[in-house]
A.B. asks: 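Starting off with a structure, shown below.
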Amino acid sequence: MLEQLLIFTRGGLILWSSCRGLGNALKGSPIDALIRSCLLEERSAETSFAHDAYTLKWAFHNELGLVFVAVYQRILHLLYVDDLLAAVRREFAEIYDPKRTSYDDFDETFRQLQKEAEARAEEMKKSKQAGRAPAVPGKKQGAGGAAQRDAKQKGNGAGGGGSGKDDGDGDGDSGKGRWLANGNGNGQEKGARERSHAPPGSVVVKGKENGGPQAGAFDVNKLQKLRSKGGKKSDNTKPASKGGEPKKIVKKNRVWDDSPSESRLDFTDPVDERGEGIVEAVAADQGESMMDKEEDLSSESEAEEEDEEVEGAKPGAKKKGWFTSMFQSIAGNAIIEKSDLQPALKALKDRLMTKNVAEEIAEKLCESVAASLEGKKLGSFTRISSTVQTAMEEALLRILTPKRSIDILREVHAAKEHGKPYVIVFVGVNGVGKSTNLAKVAYWLLQHNISVMLAACDTFRSGAVEQLRTHARRLQIPIFEKGYEKDPAVVAREAIQEASRNKSDVVLVDTAGRMQDNEPLMRALSKLINLNSPDLVLFVGEALVGNDAVDQLSKFNQKLADLSTVPNARLIDGILLTKFDTIDDKVGAALSMVYISGAPVMFVGCGQSYTDLKKLNVKSIVKTLLK
Amino acid sequence: MSMCMDQWISQIEQWFHQQPVEQIYVAVAVLALTVVLFVLFSLLKTSKSNTIVLAGLNGSGKTILFYQLRDGSPHQGTVTSMEPNDGTFVLHSELGKKGKIKPVHLVDVPGHSRLKPKLDEFLPNAAGLIFVVDALDFLPNCRPAAEYLYDILTKSSVVKRRIPVLILCNKTDKVTAHSKEFIRKQLEKEIDKLRTSRNAISTADISDEFMLGVPGEPFTLEQCRNKVTVAEASGLTGEVSQVEQFIREHVKP
Ligand SMILES: Nc1nc2c(ncn2[C@@H]2O[C@H](COP(=O)(O)OP(=O)(O)OP(=O)(O)O)[C@@H](O)[C@H]2O)c(=O)[nH]1
Ligand SMILES: [Mg+2]
């Protein structure tokens, strides 16, 4: 049975609920969980969301700003939910009035709709059982019906996703669910990845769960009879013009940091190690860490924005698109359809990909933006491409805005009050600059009068301990090391104990770089994290990576979850992006990593000296991504 | 194309010459006057803003409060907001009153941290800000609430225009709710700590943030340049008189 069907505005007001009186009887408010960890995380193009014992499915009506959510027990595989949601969405849109807040009269309609949907599901089951051979004529009929129905839907200004990739128009076989925002996912991926970003106890399911290709094969005549009201509106929306591809603005290479690096930080070279005497203590003479300086980017990017606007106003290169869309915007508020969005989204996706955003993520983002725009009215004097651009800008800003506090100093102070050292574990694949950036973080902390201790837990790669020792000497901070033979988890534990004894405020734990597929090493990392429960697990990743960013982070998170021996495994809390000075405007890795892990970028490493550590300027990243 | 244009222009010129001179002067004068009046009017309108912003963490009860103020009822409850609620209306409690009452523009900005940047859109013309705190579930949310409040109190758009802030302890219908004095103390304490850590992070960050309070002294809300007050309410049961008082203090009826 369906537990609850809820209709609410995007502003959060419940308009109608299938089970009133009992109030919010659902345990653990699954709907809030859905909104917080799925819909607001640009994952609304997914098919369903699982929370505790419930599965949730949803549909949007973007023009009216309504959300429809159905909740049912996870163990039941209700086949009619998509169908029912679509029907409720259609019927409710007819009676919706923004001024009204109570819809008691919808109870009756809903009961009727539910009965119909159940009947259809029953029908389908029977026809499936009856064998496939005689289903051929029925199927034909079904195909016609589906197409008809589809047209009706369009007339109603239907919104929602659908894959749009392989759904031919009017092709009845593609079945139902096309008008649902979460109708078709691209079902190639497995739920494995989703584990990494969903909150504990929640899983996002991709791909179609119910309604196979047969779904369109129910008896349409019966449907027509059952239904007293038909769709009244006809399909009168003209195909809108294609929003011209936004012109790319050729820009000079961005320079992130123009001060020459004074000293190399890379001590990997064993030669360095021998010249111990030469290495002088430079703890205090490299000036302020850049973490403390405001990005000087903002003014520059503002100027760029103006340029862009000027260019945008010139119709020149894209006269045709401009003309038709102009005509449309005067002629009336056209309703945005999926097909209108495609060209603009395609251009946007390509643009994101040239900025080195992983393809999969660019794709998902575009789907989510499409789901949020489809069915909306186009404002007068706006082009589709600019509407899409604005929606994407908002989505990006939302994603990149940290969910948790990234004020590490505050957390360090809080830990200090409790008399405990604050422990940060640096993890990541090989050669991304873990140790170097660990030293930068140490330098930055030292500048704020916080005592730091290093823990050399890379007992795997030779030379790693020496490299860290060199940093420690230059920064004049204690280092805890136990050579190469020991279990890193144990070394870390002893280091933390030592830090409690000598009253260090922060312990920075260096770990061995490891490939995300290396099972034994990942198991060791999981053990280290579980044994010591650090305050922060910082993933160190290169800003250079493209598609691999997704693989690295999602596998790290997944392995940490799978290989953990405790029920609530610790995952990655934050990201440190390295080599940011080498990537120009290809800042996509920041987006990919944040999206896939849900963790914020806490630091950005942007050079070779101790001071080259910055905060991420979210607004300028968004601007750069969309330029 | 241009030929056509020229013809038009010459025609218009001719027409002008045919008209008496006084008439043209009068027309120009009337035109200028209306423009000036229009500009003045719109200037006056923007300078007297009637926007009140509701901000606060997720689940603190902003949306319920919004509807309580508008309709006098929490309706059937709420779920997490995905978009701001925005409306211009006369408060529900004032509906019975006679005479013309100036409507209030009330905005409820969702508390989900990903949606916090939305706040900046509404602050530039806010006449007041209500920071809603969940008094029932206060302790676990104390630090994030203080951080959000700190961010608001240091925003240049708030400090420069001295936007008055009301810290509203909501959900006081429940007996286990914390008192406003307690909440005030805790928030002040947390902000005091934040002051040291935040200032450390952004020493060169004068551009859009302001220093809070007096250096060397423990932070109290009185030290803010804008007026910060504390009040209690319950959105669910409709105990919102102190909120209405605040609103009407800053948006005159
Ligand atoms: N007991 C009690 N509960 C309340 C009160 N106000 C709100 N609540 C409850 O708090 C929950 C959240 O209320 P909302 O108004 O949706 O919270 P919000 O601040 O809009 O949250 P976001 O939209 O996520 O930012 C709801 O379940 C309300 O029933 C109150 O005065 N008393
Ligand atoms: Mg809300």
Side-chain angles (χ1 to χ4, degrees), chain A residues 6 8-17 20 23-24 29 31-36 39-42 44 65 67 69 101-103 288 290-295 298-299 372 394 397-414 417 444 447-450 615 618-619, chain B residues 58-59 61-64 66-67 70-87 89 107-121 143-144 146-148 150-151 189-209:
Chain A
L6 202 68
F8 54 90
T9 66
R10 288 180 73 86
L13 183 71
I14 298 175
L15 293 174
W16 184 85
S17 153
R20 250 161 303 136
N24 225 337
S29 44
I31 293 178
D32 282 337
L34 165 75
I35 298 171
R36 284 175 202 175
L39 303 188
L40 281 177
E41 303 277 330
E42 301 308 315
S44 37
V67 185
V69 177
T101 48
S102 147
Y103 293 87
E288 208 177 15
M290 282 194 203
M291 267 302 274
D292 301 344
K293 288 182 190 151
E294 184 51 9
E295 289 269 345
S298 46
S299 58
S372 78
E394 285 196 359
L397 195 61
R398 264 204 302 276
I399 293 171
L400 288 168
T401 305
K403 253 196 302 196
R404 74 192 287 276
S405 162
I406 57 166
D407 187 352
I408 289 187
L409 288 179
R410 171 74 196 92
E411 292 184 8
V412 170
H413 286 304
E417 278 163 26
W444 173 68
Q447 282 199 316
H448 294 296
N449 303 319
I450 287 169
K615 295 187 276 191
V618 170
K619 286 200 173 121
Chain B
N58 222 320
K62 297 175 294 298
T63 309
I64 297 255
F66 178 90
Y67 283 99
R70 197 187 78 170
D71 307 331
S73 147
H75 300 300
Q76 299 158 53
T78 53
V79 294
T80 301
S81 307
M82 297 163 74
E83 268 175 17
N85 287 296
D86 188 328
F89 47 82
V107 185
D108 153 32
V109 182
H112 192 279
S113 42
R114 302 249 194 240
L115 297 173
K116 276 181 194 161
K118 281 262 179 226
L119 190 62
D120 295 328
E121 286 174 27
R143 204 180 319 160
E147 277 186 39
Y148 195 12
Y150 179 91
D151 288 340
K189 247 199 215 135
E190 275 301 324
I191 288 178
D192 192 48
K193 289 175 199 160
L194 278 173
R195 224 165 32 149
T196 41
S197 69
R198 289 292 173 92
N199 286 350
I201 285 191
S202 44
T203 42
D205 198 4
I206 335 153
S207 53
D208 67 332
E209 272 184 28

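Chain letters run A, B, ... following the sequence lines, proteins first, then strands; residues in each count from 1.
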A.B. asks: Given heavy-atom pairs under 4.5 angstrom as the criterion, report whether the side chain, backbone, both or neither of B:Asp86 touches chain A.
C.D. replies: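 Nothing of B:Asp86, per the 4.5 Å heavy-atom cut-off to chain A.
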A.B. asks: As an exercise, state the distance from CG of B:Leu194 to CG of A:Leu409, rounded to the nearest 0.5 Å.
C.D. replies: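 Going from CG on B:Leu194 over to CG on A:Leu409, the span is 11.0 Å.
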A.B. asks: Let me know if A:Leu13 has heavy atoms under 4.5 Å from chain B in its side chain, its backbone, both or neither.
C.D. replies: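 Contact with chain B involves both backbone and side-chain atoms of A:Leu13.
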A.B. asks: Ignoring hydrogens and geometry, is there a side-chain-to-backbone donor-acceptor pair from B:Arg114 to A:Ile399 under 3.5 Å?
C.D. replies: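 Yes, because the side chain of B:Arg114 sits within donor-acceptor range (under 3.5 Å) of the backbone of A:Ile399.
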A.B. asks: Can you tell me how far NZ of B:Lys116 sits from CG of A:Leu397, rounded to the nearest 0.5 angstrom?
C.D. replies: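 NZ of B:Lys116 is found 13.5 Å from CG of A:Leu397.
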A.B. asks: Looking at A:Glu41, A:His413, A:Arg36, which one has more heavy-atom pairs under 4.5 Å with chain B than the rest?
C.D. replies: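 Counting heavy-atom pairs under 4.5 Å, the top option is A:Arg36.
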A.B. asks: What is the distance from atom OG1 of B:Thr80 to atom CG of A:Leu40, rounded to the nearest 0.5 Å?
C.D. replies: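 Spacing of OG1 (B:Thr80) from CG (A:Leu40) equals 7.5 Å.
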A.B. asks: Quick check: does any side chain N or O of B:His75 sit under 3.5 Å from a backbone N or O of A:Ser102, one acting as donor and the other as acceptor?
C.D. replies: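 No; zero donor-acceptor contacts below 3.5 Å.
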A.B. asks: Roughly how far, to the nearest 0.5 Å, is the CD atom of A:Glu411 from the CZ atom of B:Arg143?
C.D. replies: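 That separation rounds to 6.0 Å.
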A.B. asks: If every non-hydrogen atom of A:Ile14 is compared with every non-hydrogen atom of B:Gln76, which pair is closest and at what distance?
C.D. replies: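 Nearest pair, atom of A:Ile14 first, then B:Gln76: CD1-O, 3.8 Å.
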A.B. asks: Salt bridge between A:Glu417 and B:Lys193, side-chain N to carboxylate O under 4.0 Å?
C.D. replies: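 Yes, A:Glu417 and B:Lys193 are salt-bridged.
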A.B. asks: Report the option among B:Pro144, B:Pro117, B:Ser81 that has the most heavy-atom pairs separated by less than 4.5 Å from atoms of chain A.
C.D. replies: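 Result: the option with the highest number of such pairs is B:Ser81.
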A.B. asks: Less than 4.5 Å to any heavy atom of chain B: does that hold for the side chain of A:Val618, its backbone, both, or neither?
C.D. replies: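 Interface part for A:Val618: neither.
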